[in-house]
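All values reported here derive from a predicted model rather than from experimental measurement. The first residue of the sequence shown is numbered 1, and numbering continues consecutively from there.
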Amino acid sequence: MNPKERLLWSIALPGFGQFLNKKYLKGIVFVFLEFLVNVQANFNEIIILSFQGDIENAISKADYQWLMFYPCLYFFAMWDAYKDSGGEQDCFSFLPFVFSAYFVTVGCIYSSKFKLFGVLLGPVWLPIISVIPGVMVGLLLRGIFFKIYLLKYKNV
């Protein structure tokens with residue numbers, strides 16, 4: 001099984017990638033934390049309401065104190081599964097995951113007020129859209145830092 005397949009299983013549920021990597025304790029911890037944060041934040045309910053277009057109700061049901069933990073947990077579990085399975089090993093490969101977690105967290109924070117083209121996206125859609133700039137910034141910085149690293153340490 002290749003690293004990308006483990007990454008995709010970790011996207012499906014944090015902890016699954018760790019199970020596939022035979023890191024059972026980490027997998028159990030990630031699954032437990034995912035369920036804890038999910039239940040405390042009312043995440044499944046706000047996902048259903050958001051898919052049904054009831055954004056105002058989704059916002060009212062969301063427990064943002066718990067919901068803000070989710071992006072970091074989610075992206076760290078993805079990165080960990082990918083890294084442990086032999087995914088890209090350069091010293092900056094974590095940056096797209098870190099910046100995605102950061103941008104999604106910021107998207108979560110502003111999701112009850114921020115409107116895109118006059119549309120309130122709420123606690124599911126704005127964070128999902130925030131993945132795109134997070135990955136882009138992470139990849140950009142990874143490329144810049146890697147070039148600096150190569151210039152500094154490989155050409156000495």
When clusters are formed by joining ILVMFWY residues with side-chain heavy atoms under 4.5 Å apart, either directly or through shared neighbours, do L49 and F114 land in the same one? no
Can you label the angle between the Y149 ring and the F92 ring as parallel, tilted or perpendicular, going by 30° and 60°? perpendicular
Minimum heavy-atom distance S10-G15, with the two atoms named: OG-N, 4.3 Å
Which atom pair, heavy atoms only, marks the closest approach of P127 to G107? CG-C, 4.0 Å
Restricting to non-hydrogen atoms, name the atom on P71 and the atom on A101 that form the minimum distance, rounded to 0.1 Å. CB-O, 3.7 Å
Over all atoms of both residues, closest heavy-atom pair of V31 and P14: CG2-O, 3.4 Å
Please round to the nearest 0.5 Å and tell me the distance separating atom CD1 of I11 and atom NZ of K4. 12.0 Å
side-chain contact (heavy atoms from CB on, under 4.5 Å) between F51 and W125: does it pass, once the steps are laid out? CA-CA 9 Å; F51 270 80; W125 302 119; 3.5 Å; yes
Would you mind reporting whether W66 and N42 have side-chain heavy atoms less than 4.5 Å apart? no
Does V124 belong to the same Ile/Leu/Val/Met/Phe/Trp/Tyr cluster as F103, with side-chain heavy atoms less than 4.5 Å apart forming each link? yes
Below 6.0 angstrom between ring centroids: does that apply to Y82 and W79? no
N2 and E5: CA distance, side-chain angles, deciding distance, side-chain contact (heavy atoms from CB on, under 4.5 Å) verdict: CA-CA 6 Å; N2 70 39; E5 189 173 350; 3.6 Å; yes
One should read off an interatomic distance between I46 CD1 and D54 CG, to the nearest 0.5 angstrom, of 12.0 Å
Taking atom CZ of F69 as the centre, report whether more than 12 heavy atoms of other residues, nucleotides or ligands fall under 6.0 Å from it. no
Interatomic spacing from CD1 in I129 to CG in L116 - rounded to 0.5 Å: 6.0 Å
Among residues two or more places apart or on two chains, list those pairs meeting side-chain hydrogen bond (donor to acceptor under 3.5 Å, both in side chains) that have a residue in residues 126-142. E88-R142, D90-R142
Linked, directly or transitively: I148 and V137 (ILVMFWY side chains, under 4.5 Å): yes
Keeping to residues at least two apart or across chains, list the side-chain hydrogen bond (donor to acceptor under 3.5 Å, both in side chains) pairs with something in residues 98-115. Y64-S111
Least distance between heavy atoms, L67 atom then A62 atom: CD2-CB, 4.3 Å
Which pairs count as side-chain hydrogen bond (donor to acceptor under 3.5 Å, both in side chains) when at least one residue sits in residues 16-39, sequence neighbours excluded? R6-N21, Q18-D80, K26-D80, K26-D84, E34-N38, E34-Y70, N38-N44
Shared hydrophobic cluster for L95 and M136 (ILVMFWY, side-chain gaps under 4.5 Å): no
Do V37 and I128 share a hydrophobic cluster, counting only Ile, Leu, Val, Met, Phe, Trp and Tyr and linking them when any side-chain heavy atoms are less than 4.5 Å apart? yes
From CA spacing to verdict: side-chain contact (heavy atoms from CB on, under 4.5 Å), L13, F19: CA-CA 11 Å; L13 185 75; F19 289 137; over 6 Å; no
Please name the pair of heavy atoms, one in L139 and one in P96, separated by the smallest distance, quoted to 0.1 Å. CD2-CG, 3.6 Å
